[in-house]
Structure formats: structure tokens, C-alpha cells
Trainee: 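Mind looking over this structure? Questions follow.
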Amino acid sequence: MQKFFSMSFTEEIKWRGMLHDIMPGTDEMLKEGRAAAYVGIDPTADSLHIGHLVSVMLLKHFQLAGHQPIAVIGGATGMIGDPSGKSQERNLLDIQTLRHNQEAIKKQLVKFLDFSEQTENKALILNNYDWMSKFSFLDFIRDVGKHISVNYMIAKDSVKKRMSGGAEKDAEGLSFTEFSYQLVQAYDFLHLYKEYNCKLQMGGSDQWGNITTGTELIRRMLQGKAFALTSPLITKADGGKFGKTEKGNIWLDPEKTSPYGFYQFWINTSDEDAEKYLKIFTVLSKSEIELLVKSHTEAPHNRLLQKKLAEELTVLVHSKEEFFNSVAASEILFGKGTKNQLRSLNEKTFNDVFSGVPTFLVSKEALIRGINVLTLLTSEALIFSSNGEIRRLMKDNGLSINLEKVNDSELIINEEFLINKKYIVVKQGKKNYSIIVAS
RNA sequence: GGGGGGAUUCCAGAGCGGCCAAAUGGGGCAGACUGUAAAUCUGUUGGUUUAUACCUUCGGAGGUUCGAAUCCUCCUCCCCCCA
């Protein structure tokens, strides 16, 4: 991790498709020797989600290239809300939550970055709340504000869009608080420049304006030279938003997104996106990826790219063991799993296979007495919201219980349906599983 | 402060006294085809349902009417124009 790779940092992220915009001179500065760079991370939750991963991977490659990566938790800026996004005004996080989130995020970053003390270019995690909170309003506008003109600030796209309406919507205006965001972020950069000799800020392409306000501030206040580098926003081939599913964000925290669900997210990547994601989210070399792409093109049904992508990330974020469990679960759930196969699973394996699947508790007595399917699936276990929905599904041949199609709305479910005297597997369509647990 | 326009089922957006549970598009779900992909095609998308039946829905509260998402009154919220 110490050595400089044959490729420079910028060359590396360029072929990976992670470079959108870069300030002239950045490359030269990086070649002079070890440098430090930072990205900002919003501490709005106590876990990262995969939307954060591009920035994290930027840091990772930065460190692999021998430089020092810094993750800045936006405790202060997170309270303000960046007008670049469509985010509304944010709520203030209390200090306790902030610290809790910071710690949780750090634990996840450890999987990507080397924080160990012995490492010369060890990664750092900082929280801008630590320096911003001590800054009084008056001091800030006197010492920082006077160096940047309002003219400069309103020329930024993020601000202009809100003031004049831009292409899409009418101007919605922005509060003074939001307006000041770029200045606060710029000060972060200044602070890091002074305290950590950090000369580069990286981020998504929507951050370009904010970052350059930082370099400008550094130039004016310290006559220093600082740099900016952004990566493109990740898109999906079908135009959808990356990292979101119907069920919400894909988190790194196994409590929020099960390892199985995490694995499934990557496995379900479309062909067009898979190569792109492999470049961005893994550290596989160019030749390795080219080889995979070649094999994939020859036999696309094997979905080599998706499998590799899912493997790399599940192992990295969770563990080898969780990865194997997920593969095993997927095979049973999506392979040619039969009723008998399902019944032959022992309890341990069963639990592993279905660990990420939503479960519903139903009283065992009721099941022994026997319950009508409709009642069971709507009232006892809230898997469906109405009888009509189930009838419709049955009509479409989309409902399975214990991997057997069910078409009879009069069916009585009793203890004979219990697998290991305890479970019933309910499947909607091809991919949506639920488990009913008798207790 | 003055004038005008609007609020419809997940979203966008028709409907403007009965044929409206409400066009159309998007999204969702399911089926076929497949590779747990994409594209395509089909079905479905308030509830109870055997249902051409009933119940609950068209910003809120009242009213007119045999009958209202549709007309009237008041209220709330949003947008535009003028000052």
C-alpha cells in the first residue's frame, strides 16, 4: 500500500471512468510527492450507503497511489444543506448523534482505507464540526466572508439555478443559510490546507462549484495553490438513480441492508452497467477487467461481470463467509429449488439461506388449527395488504408457498405446510420472498 | 393591497351534473421470452367480491339536486400577474 503504482493516480481513475473534471496543474502537484486530499461525507445516518462509495473509492485509489486520504464528516455542513442537490433545508443533528454517526462511518471506512498508525500515508477521518462550531458568526463573516464576493458566489451554477430557474423548474429561491454553504465548505478546505497541507478536494461533479470556491479562498487568503477533482455522477443505463431500489438505499450496515440483499443488488446489475461498476467499485486491474468483459461477451448468460462485482463488494464490505452464504441462498432461491430440496434443509442452513428475507410471526396454535391462505397472508402475517391483491396474484400464477404455485383462494394452511415444524416460505413472483415463522 | 389560475386515485395529467373507481402516460406488480439482465409483448394496478353488486375515494366543511369529482357558499394551501 506504500508503493507508488506504475500508473499515476489520475491515470488510474481516468481509465476507470471516475474522472469528470480536474483543475489544471493537479497532476503535476501530485507527482511532486506525497499529497493529501479529502472528500466530504454527510453524517446524516450511522452508515454509508453505496452512493457514498464513489468518493470512498477515490480516496482508496488515492491512498493506493501513495498519498494521504482524508474523509471529512460534514457535521457542520450537514446542518446547512447543500443547494447543489435538490435537498431541502436540513435538520440539525445533535452532537451525540453526530459522534455516533461519525464512529459508525469510520468503522465502515476501515474496510476501504488504511487507518493504521504505522502507515505513513494513513487515512484520516475528521469532522468539520470540530472547527466550525467554535467559529462565531461575526468572526466568520469578518475573517472569511470578506474575501469572497457575493458576485463570485452567485455566479455558481448551484446558486444561479435556484435564483433564476435554470432549465427545469422555476426559481425557488434559497435561504441565506443555503447560500452560505459554499463558503463554509470553502473554509473547510482552507482549514485542511493550513492544518494538514491538504491541497486537493475531490467529490462528485455536482461539487465542482463548491470546491473551486475553496481553492479561490485559499488563493485569496493564503496566496496558496489548491486543486479540485471531481468524478461523474453514477448513472444507470436505464436512467434510474444509482444505489436505490424500491426498498430504499443500499446500505453498508448489515442491519440496514442484509448481506444477502447487498449481494443481490450487485448481482442484479445490468450488463451495460456491470463493466462500469467493476471499474469504479473494485480495485481489479485493467487487464483483469478486460478479461472478464471478454468472457462475458462470449457467454453473457453466465453473468460473469455481475458475479465478480457482487463477490468483490460483498467480501469487502461484509465477509467471505457472508458472501458464501449469499451465494448459497441465491442458488436455492433462484436456482431450480424444489419443494423437496427446501424441506430437506436443516434449520441452520435454512436460517442462513433466508437470513435476509423479511419474516413474519404467526401463532403456532392458529396454524395447527388451519387458516385460510388469504387470512394468513393479510391478517396474521402482513405480507399483502388486501385479499384482492392475493387473488390477483393467484390469477396471474404468481404466488408460491414452499416453492409450489398456489391458485386456490380457499386453501387451508395447516401444520403440514411447516418446514422444520416452524417455517413457511411465501414467494411472490420470481424474486420476492417472505418467511412465516410459527411461534 | 388589487387581479387571475389551481388543488383529481403512487406520480404526471384528463374529466366539468348521471354511461366515473374516474381517460391517457409513467411507475409498481405479475405472466410469456430469458441470463435473477436489457428490450419486447400480455395482464393487472381503492376495498369487499360470484358479481354488469355494494362500500370508501377526486384539498376541508357545509349546501343545491332524484343524482355532484363536476354547480353554490365558506375555509385551508399553492402558483401567476400588477402594486
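Chain identifiers are assigned alphabetically (A, B, ...) following the order of the sequence lines, protein sequences preceding nucleic acid strands; residue numbering begins at 1 within each chain.
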Trainee: Closest-nucleotide mapping onto RNA chain B: is A:Ser409 or A:Gln264 further toward the 5' terminus? I mean the 5' end.
Mentor: A:Gln264
Trainee: What do you reckon, are the aromatic ring centroids of A:Tyr260 and A:Phe354 less than 6.0 Å apart?
Mentor: no
Trainee: Mind calculating the distance between OH (A:Tyr277) and P (B:A37) to the nearest angstrom?
Mentor: 16 Å
Trainee: With a 6.0 Å cut-off on the ring centroids, do A:Trp266 and A:Phe281 count as close?
Mentor: yes
Trainee: Answer whether the closest heavy-atom distance between the side chains of A:Tyr423 and A:Asn351 falls below 4.5 Å.
Mentor: yes
Trainee: Output one letter per nucleotide in nucleotides 40-49 of chain B: B when a protein non-hydrogen atom lies under 4.0 Å from the base, S when only the sugar-phosphate is that close, - when neither is.
Mentor: ---BSS-SSS
Trainee: Is A:Arg369 paired with A:Glu365 through a side-chain N to carboxylate O contact shorter than 4.0 Å?
Mentor: no
Trainee: Of all the choices, B:U36, B:C33, B:G35, which nucleotide is nearest to the side chain of A:Lys430 once you look at every atom?
Mentor: B:C33
Trainee: Does A:Asn397 reach a base, just sugar-phosphate, or nothing at all? Heavy atoms under 4.0 Å.
Mentor: sugar-phosphate
Trainee: Quick check for you: among B:G35, B:A38, B:U36, whose closest atom lies nearest to any side-chain atom of A:Asp271?
Mentor: B:G35
Trainee: Of the candidate nucleotides B:A30, B:A37, B:G35, which contains the atom at the shortest distance from the side chain of A:Gln428?
Mentor: B:A30
Trainee: Distance check, C1' atoms only: B:C16 and B:G46, in whole angstrom units.
Mentor: 23 Å
Trainee: Round to the nearest Å and state the distance from A:Leu305 atom CG to B:A37 atom P.
Mentor: 15 Å
Trainee: In Watson-Crick or G-U wobble terms, both distances under 3.5 Å, what is the partner of B:U73?
Mentor: B:A61
Trainee: Whole-Å distance between B:A37 P and A:His296 NE2?
Mentor: 12 Å
Trainee: Under 4.0 angstrom, heavy atoms only, what part of the nucleic acid is A:Ile267 near: base, sugar-phosphate, or nothing?
Mentor: base
Trainee: For B:A12, give the paired nucleotide (Watson-Crick: N1-N3 plus N6-O4 or O6-N4; G-U: N1-O2 and O6-N3; both under 3.5 Å), or none.
Mentor: B:U24
Trainee: Counting Watson-Crick and G-U wobble pairs only, both distances under 3.5 Å, name the nucleotide matched with B:C41, or none.
Mentor: B:G31
Trainee: In whole Å, measure the gap between the P atoms of B:G3 and B:U70 for me.
Mentor: 25 Å
Trainee: Looking only at atom C1', what distance separates B:C78 and B:C71, rounded to whole Å?
Mentor: 24 Å
Trainee: Tell me the interatomic distance from A:Asn407, atom CG, to B:G31, atom P, rounded to whole angstroms.
Mentor: 11 Å
Trainee: Using the C1' atom as the reference point in each nucleotide, state the distance between B:A68 and B:G15 in Å, no decimals.
Mentor: 13 Å
Trainee: Can you tell me if A:Lys111 has over 12 outside heavy atoms packed within less than 6.0 Å of its NZ?
Mentor: yes
Trainee: In this structure, how many angstroms lie between the P atom of B:C29 and the CD1 atom of A:Ile390, rounded?
Mentor: 17 Å
Trainee: Tell me: CD of A:Glu275 to P of B:A37, nearest whole Å?
Mentor: 20 Å
Trainee: What's the CG-C1' distance between A:Asp408 and B:U50, to the nearest Å?
Mentor: 15 Å
Trainee: Give me the distance, rounded to whole Å, that separates B:U56 from B:A22 when you measure between the C1' atoms they each carry.
Mentor: 14 Å
Trainee: Considering Watson-Crick and G-U wobble pairs with both distances under 3.5 Å, what does B:G1 pair with?
Mentor: B:C82
Trainee: Which salt bridge (charged side-chain N to carboxylate O under 4.0 Å, His left out) pairs, counting each pair once, include a residue from residues 288-311 of chain A, with sequence neighbours left out?
Mentor: A:Lys294-A:Glu298, A:Lys308-A:Glu312
Trainee: B:G59 and B:U44: how far apart are their P atoms, nearest whole angstrom?
Mentor: 28 Å
Trainee: Rounding to the closest angstrom, what is the interatomic distance between B:C11 and B:C82 at atom C1'?
Mentor: 34 Å
Trainee: Under 4.0 Å between a side-chain N or O of A:Lys405 and OP1 or OP2 of B:A30?
Mentor: no
Trainee: Have A:Asp114 and A:Ser116 got a donor and an acceptor in their side chains that come within less than 3.5 Å?
Mentor: yes
Trainee: Check whether A:Ser133 reaches the backbone of A:Tyr129 with its side chain - one donor and one acceptor, N or O, closer than 3.5 Å.
Mentor: yes
Trainee: In the strands shown, is B:A68 matched to any nucleotide by a Watson-Crick or G-U wobble pair with both distances under 3.5 Å, and which?
Mentor: none
Trainee: Nearest whole Å is fine: how far is B:C29 P from A:Tyr433 OH?
Mentor: 16 Å
Trainee: Between the side chains of A:Thr212 and A:Lys156, is a donor N or O closer than 3.5 angstrom to an acceptor N or O?
Mentor: yes
Trainee: Using the C1' atoms only, state how far B:A12 lies from B:C66, rounded to an integer number of Å.
Mentor: 36 Å
